[in-house]
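See structure below.
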Amino acid sequence: LFAEAGVQTNGKKRNQVLKIGHGGTLDSAATGVLVVGMGKGTKMLGTMLAGSKKYTAIGMLGKATDTLDATGKVTEEKPYDQVTKGDLENVLQKFTGDIMQVPPLYSALKKDGERLSTLMKRGEAVEAKPARPVRVYSLSLQHFQPPLFTLDVECGGGFYVRSLVNDIGKELSTCATVQELTRTKQGPFTLEEHALQEDKWTIDEIAQSLELCTALLLEEPACKKLKTEHSGETAV
């Protein structure tokens with residue numbers, strides 16, 4: 001990128017520390033929006049991402065795994081021929097609003113400072129966390145072709161789509177697991193508007209993308225703290 005921009009570099013390394021942080025863990029098998037803060041921008045992540053998240057999930061009826069997604073070992077198989085589109089749509093109503101949810105054992109939640117997923121992979125015994133309150137703003141069925149079904153989910157923080165699909169399977173007297181998961185929105189950032197595809201990783205495209213993101217940041221009061229020594233610059 002330096003070469004493309006015509007910036008001359010002398011090859012010397014600078015002893016600088018740049019803080020980088022992300023605004024919410026995304027499942028290792030999932031794709032989509034993961035907002036990253038750099039430098040002083042890391043302090044803004046909490047404020048900027050206080051809004052809802054949106055996901056598109058493809059679930060599969062008839063199979064359950066230990067990870068609740070396609071990466072895990074199959075732990076159970078049940079028939080699903082009795083499940084209709086109407087059954088699935090009716091069940092979704094039970095998982096909309098303020099509900100209680102048990103987090104997956106394979107998760108970023110911690111016990112004694114270590115992630116539960118790390119402990120599970122080492123073969124250590126891990127107890128399930130107790131059910132906790134979560135919020136689902138909207139939940140709709142987009143496609144149903146047994147055994148696969150596609151859901152659009154808008155939820156608050158601390159919500160696990162894998163647990164949702166698992167619970168839906170149980171409610172339908174079968175089992176279900178996530179096959180594909182994509183986060184399409186995190187706070188004000190969306191996959192369609194703000195993600196930059198790899199084939200557009202050029203100086204011009206990156207600059208344009210940052211301008212779009214900066215417009216969102218300037219709407220937040222926290223941005224007043226991010227002014228640099230030059231009044232015309234803002235740390236992003």
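Nothing here was measured: the structure is a model prediction, and the numbers come from that model. Residue numbers start at 1 and run along the sequence shown.
From Leu68, atom CG reaches atom CG of Asn166 across 5.0 Å, with rounding to the nearest 0.5 Å. Rounded to the nearest 0.5 Å, atoms OG1 (Thr182) and CG (Leu26) are 9.0 Å apart. Here the straight-line distance linking atom CD of Gln101 with atom OH of Tyr160 works out to 9.0 Å at 0.5 Å rounding. Taking CD of Gln186 as the reference point, atom CG of Leu191 lies at 11.5 Å (rounded to 0.5 Å). The CE atom of Met44 sits 14.5 Å away from the CE atom of Met38 when rounded to the nearest 0.5 Å. Within the model, atoms NE2 of His22 and CG of Leu49 stand 11.0 Å from one another, a figure rounded to the nearest 0.5 Å.
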Glu192 vs Thr184, side chain to side chain contact (heavy atoms under 4.5 Å, CB included): CA-CA, chis, key distance, verdict:
CA-CA 8 Å; Glu192 182 178 353; Thr184 59; over 6 Å; no
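Of all heavy-atom pairs between Gly21 and Thr42, the closest is N-CG2, 3.7 Å. Shortest non-hydrogen contact noted between Val35 and Val33 is CG2-CG1, 4.0 Å. Here the closest heavy-atom approach between residue Pro188 and residue His194 is recorded as O-CE1, 3.4 Å. Taking every heavy atom of both residues into account, Asp167 and Phe95 meet most closely at CB-CE2, 3.6 Å. In plain terms, the two heavy atoms of Ala176 and Leu61 that are nearest each other are CB-CD2, 4.1 Å. Nearest heavy-atom pair, Val161 versus Ala57, reported as atom, atom and distance to 0.1 Å: CG1-CB, 3.7 Å.
More than 12 heavy-atom neighbours from other residues, nucleotides or ligands sit within 6.0 angstrom of NZ on Lys53.
Residues Ile99 and Val165 share a single hydrophobic cluster, defined by chaining ILVMFWY side chains whose heavy atoms lie under 4.5 Å apart. Both Leu172 and Tyr80 are members of a single hydrophobic cluster when ILVMFWY side chains are connected at heavy-atom separations under 4.5 Å. A single hydrophobic cluster is seen to contain both Leu164 and Leu88, as judged by linkage of ILVMFWY side chains at heavy-atom distances under 4.5 Å, directly or through other members. Phe189 and Tyr55 are not part of a single hydrophobic cluster, where members link through side-chain heavy atoms under 4.5 Å apart. Residue Val178 is not grouped with residue Ile58 when hydrophobic side chains (ILVMFWY) are merged at heavy-atom distances under 4.5 angstrom, including chains of intermediate members.
Between the side chain of Asp66 and the backbone N or O of Gly72, no donor-acceptor pair lies under 3.5 Å. Arg162 places no side-chain N or O within 3.5 Å of a backbone atom of Asp27 that could act as its donor or acceptor partner.
In this structure Lys94 satisfies the side-chain hydrogen bond (donor to acceptor under 3.5 Å, both in side chains) test together with Glu171, sequence neighbours excluded. Taking the salt bridge (charged side-chain N to carboxylate O under 4.0 Å, His left out) definition, one finds that Glu77 meets it with nothing, sequence neighbours left out.
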Please tabulate, for side-chain N and O atoms in residues 133-156, each donor-acceptor pair with protein atoms closer than 3.5 Å (sequence neighbours left out).
| unit_1 | atom_1 | unit_2 | atom_2 | d |
| --- | --- | --- | --- | --- |
| Arg135 | NE | Asp98 | OD1 | 2.7 |
| Arg135 | NH2 | Asp98 | OD1 | 3.3 |
| Arg135 | NH2 | Asp98 | OD2 | 3.4 |
| Ser140 | OG | Gln142 | NE2 | 2.7 |
| Asp152 | OD1 | Thr56 | OG1 | 3.1 |
| Glu154 | OE2 | Ser52 | OG | 2.6 |

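Side-chain contact check for Asp69 and Thr67: at least one donor-acceptor pair (N or O, by modelled atom type) lies under 3.5 Å.
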